[in-house]
Amino acid sequence: MAEHAGFCFGVKRAVKMAFDAVGSHSKNVHTLGPLIHNPQVVGRLAEAGVKKVDALSEISEGVVILRSHGVSSPQVIADAEAAGLTAIDATCPFVTNAQRFARQLVDEGYHVVMVGDRHHPETLSVVGHAGGEILVTEDFIEIKKWLNRFPKKRVGVISQTTQTFKKFSEIVTQCLQICEEVKVFNTICYATEERQDAAKKIATGVQAMVVVGGRNSANTTHLADICRDEAISVYHIETADEVDEGWFVGVQKVGVTAGASTPDWIIQEVVDRLQKIA
Ligand code: SF4
């Protein structure tokens, strides 16, 4: 088992806020989008009475919880309050930090690049809070083309919190080669780095890795990619039911890790299933 795996600080905090809200408001508790990127946890929240909605207009009264990845713009909280709803902001403090640095770089006149996936809710929330144009990409060629539009190449670089340090530093180094000035804020969160380092460490000593977490979870997908770099068999699963005995023919040692949005109970079920196979 990787030394660091499963629920991170931000996800634990958001899930606790949601269950607490059900405890104190008993009904009419909603999340705007899925609270975290784990379908099984979202399912348990639904069983407890937390309803997922896609827009504020779907809620007539009660509580709206803003998810750990943040919301698309600061206006969302104002709109919720104007509609008479109680807004509970479960945005992870690390995401709030990235939003703040993005805004600072825009205000200081830098052309801002965020190294990440432009379709991910977290990057959308950072872009929405920045108050100016931001290029979100993992492709340096795209950055180079984009920068050609500007006479002065003063660039600010931040990262999606779940980005690998390798990719982030690669892009920063490439920017340094073509820009007059580069200002960098390392917005990768420590929970992500810890899980990535622990996954790499364990993957070097096994023949197969099982990576547990939502298929829609960026940090779980990155963990699987890091393990694949070790040229071993890697299986990204969401639940123990997906474990296939056939994967482990001739395998002596299997490593297990899990993304930051994967709860302990799912990890334990996977470990139990693997131990039964052994
Ligand atoms: S992975 Fe990091 S940034 Fe994302 S929710 Fe967890 S602690 Fe926050």
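Residue numbers start at 1 and run along the sequence shown.
Val42 and Pro34 get closest at one heavy-atom pair: CG2-CB, 4.1 Å. Smallest separation of non-hydrogen atoms from Val243 and Arg273: O-NH2, 3.1 Å. When every heavy atom of Ile65 is checked against every heavy atom of Ala90, the shortest pair comes out as CG2-CB, 3.9 Å. Nearest heavy atom pair, residue Ser261 against residue Val11, reads CA-CG1, 4.1 Å. Taking both residues in full, the closest heavy atoms of Ala224 and Val234 are given as O-CG1, 3.9 Å, listed atom of the first, atom of the second, then distance. Considering all non-hydrogen atoms of both residues, Ala80 and Ala87 come closest at CB-CB, 4.3 Å.
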- Message: For a ring pair (Phe, Tyr, Trp, His ring centres under 6.0 Å) check, start with the C-alpha distance between Tyr190 and Phe9, then their side-chain angles and the critical distance, and finish with the verdict.
- Response: CA-CA 10 Å; Tyr190 73 87; Phe9 152 78; 7.4 Å; no

- Please report the C-alpha distance between Asn97 and Phe185 in whole Å, then the side-chain angles of each, then the deciding distance to 0.1 Å, and finally whether the side chain to side chain contact (heavy atoms under 4.5 Å, CB included) criterion is met. CA-CA 10 Å; Asn97 240 0; Phe185 286 111; over 6 Å; no

- Task: Evaluate the criterion salt bridge (charged side-chain N to carboxylate O under 4.0 Å, His left out) for residue pair Glu58 and Lys51; output intermediate values, then yes/no.
- Result: CA-CA 11 Å; Glu58 293 174 45; Lys51 302 172 208 74; over 6 Å; no

- Task: Take Ile171 and Glu138 through the test side chain to side chain contact (heavy atoms under 4.5 Å, CB included) and record every step on the way to the result.
- Result: CA-CA 8 Å; Ile171 296 279; Glu138 294 181 335; 5.7 Å; no

- Message: Go through it in stages, so that I can follow the logic: the residues are Lys167 and Glu170, the test is salt bridge (charged side-chain N to carboxylate O under 4.0 Å, His left out), and I'd like the CA-CA distance, side-chain angles, deciding distance and then a yes or no.
- Response: CA-CA 5 Å; Lys167 183 78 211 173; Glu170 197 178 285; 3.3 Å; yes

- Stepwise, does the side chain to side chain donor-acceptor pair (under 3.5 Å) test hold for Thr239 with Gln40? CA-CA 9 Å; Thr239 65; Gln40 291 72 32; 5.4 Å; no

- Let me see the working for Val53 and Leu32 under side chain to side chain contact (heavy atoms under 4.5 Å, CB included), right down to the final yes or no. CA-CA 5 Å; Val53 296; Leu32 195 53; 4.1 Å; yes

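At distances below 3.5 Å, at least one donor-acceptor pair connects side-chain atoms of Ser125 with backbone N or O atoms of His69. One N or O on the side chain of Thr123 and one on the backbone of Asp117 form a donor-acceptor pair closer than 3.5 Å.
Looking at Val184, Leu176, Leu135, Val113 one by one, the single match for side-chain contact (heavy atoms from CB on, under 4.5 Å) with Val155 turns out to be Val113.
Between the CD1 atom in Ile36 and the CZ atom in Arg67 there is a gap of 11.5 Å [rounded to 0.5 Å]. Between the CD1 atom in Ile134 and the NE2 atom in His129 there is a gap of 11.5 Å [rounded to 0.5 Å]. Remark: Ile178 CD1 to Lys144 NZ distance equals 6.0 Å, nearest 0.5 Å. Between Asp79 atom CG and Leu85 atom CG the span is 10.0 Å, to the nearest 0.5 Å. Taken from CD in Glu238 to NE2 in His236, the straight-line distance is 6.5 Å, to the nearest 0.5 Å. Expressed to the nearest 0.5 Å, how far OG1 of Thr164 lies from CD1 of Ile188 amounts to 6.5 Å.
Around atom CZ of Phe165, no more than 12 heavy atoms belonging to other residues, nucleotides or ligands sit under 6.0 Å away. For Asp107, the CG atom is densely surrounded, since the number of other residues' heavy atoms within 6.0 Å is greater than 12. Open room surrounds CD on Glu3; 12 or fewer heavy atoms of other groups in view lie less than 6.0 Å from it.
Checking Asp89 against Thr91 by side-chain atom types alone, a donor-acceptor pair falls below 3.5 Å. No hydrogens or angles considered: nothing links the side chains of Glu242 and Tyr235 as a donor-acceptor pair under 3.5 Å.
When side chains are defined from C-beta on, Phe140 does not count as touching Gln177, because their heavy atoms never get closer than 4.5 Å. Taking 4.5 Å as the limit, some side-chain heavy atom of Val270 sits within range of a side-chain heavy atom of Val210. The shortest distance between side-chain heavy atoms of Ile143 and Gln174 does not fall below 4.5 Å. Looking at Val254 and Val206, their side chains never come closer than 4.5 Å, going by heavy atoms from C-beta outward. No side-chain heavy atom of Glu142 sits under 4.5 Å from any side-chain heavy atom of Val136. By the 4.5 Å heavy-atom criterion applied to side chains, Val172 and Ser159 are not counted as neighbours. Side chains of Thr187 and Phe168 form no contact here, defined as non-hydrogen atoms less than 4.5 Å apart. Counting heavy atoms from C-beta on, the side chains of Leu35 and Val41 never come closer than 4.5 Å.
Ring geometry for His111 against Phe150 counts as parallel: the plane angle stays under 30°, on a 0 to 90° scale with 60° as the upper cut. Ring orientation note: the planes of His120 and His37 are nearly perpendicular, at an angle over 60° on the 30°/60° scale.
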For residues 195-204, run the donor-acceptor check on the side chains, cut-off 3.5 Å, and write out each pair with its distance to 0.1 Å, sequence neighbours left out.
{"unit_1": "Arg195", "atom_1": "NE", "unit_2": "Gly6", "atom_2": "O", "d": "2.8"}
{"unit_1": "Arg195", "atom_1": "NH1", "unit_2": "Ala191", "atom_2": "O", "d": "3.0"}
{"unit_1": "Arg195", "atom_1": "NH2", "unit_2": "Gly6", "atom_2": "O", "d": "3.0"}
{"unit_1": "Arg195", "atom_1": "NH2", "unit_2": "Phe7", "atom_2": "O", "d": "3.1"}
{"unit_1": "Gln196", "atom_1": "NE2", "unit_2": "Thr162", "atom_2": "O", "d": "3.4"}
{"unit_1": "Lys200", "atom_1": "NZ", "unit_2": "Glu230", "atom_2": "OE2", "d": "3.0"}
{"unit_1": "Thr204", "atom_1": "OG1", "unit_2": "Lys201", "atom_2": "O", "d": "2.6"}

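Criterion: ILVMFWY side-chain heavy atoms under 4.5 Å apart, direct or through other members. Under it, Val95 and Met114 are not part of a common hydrophobic cluster.
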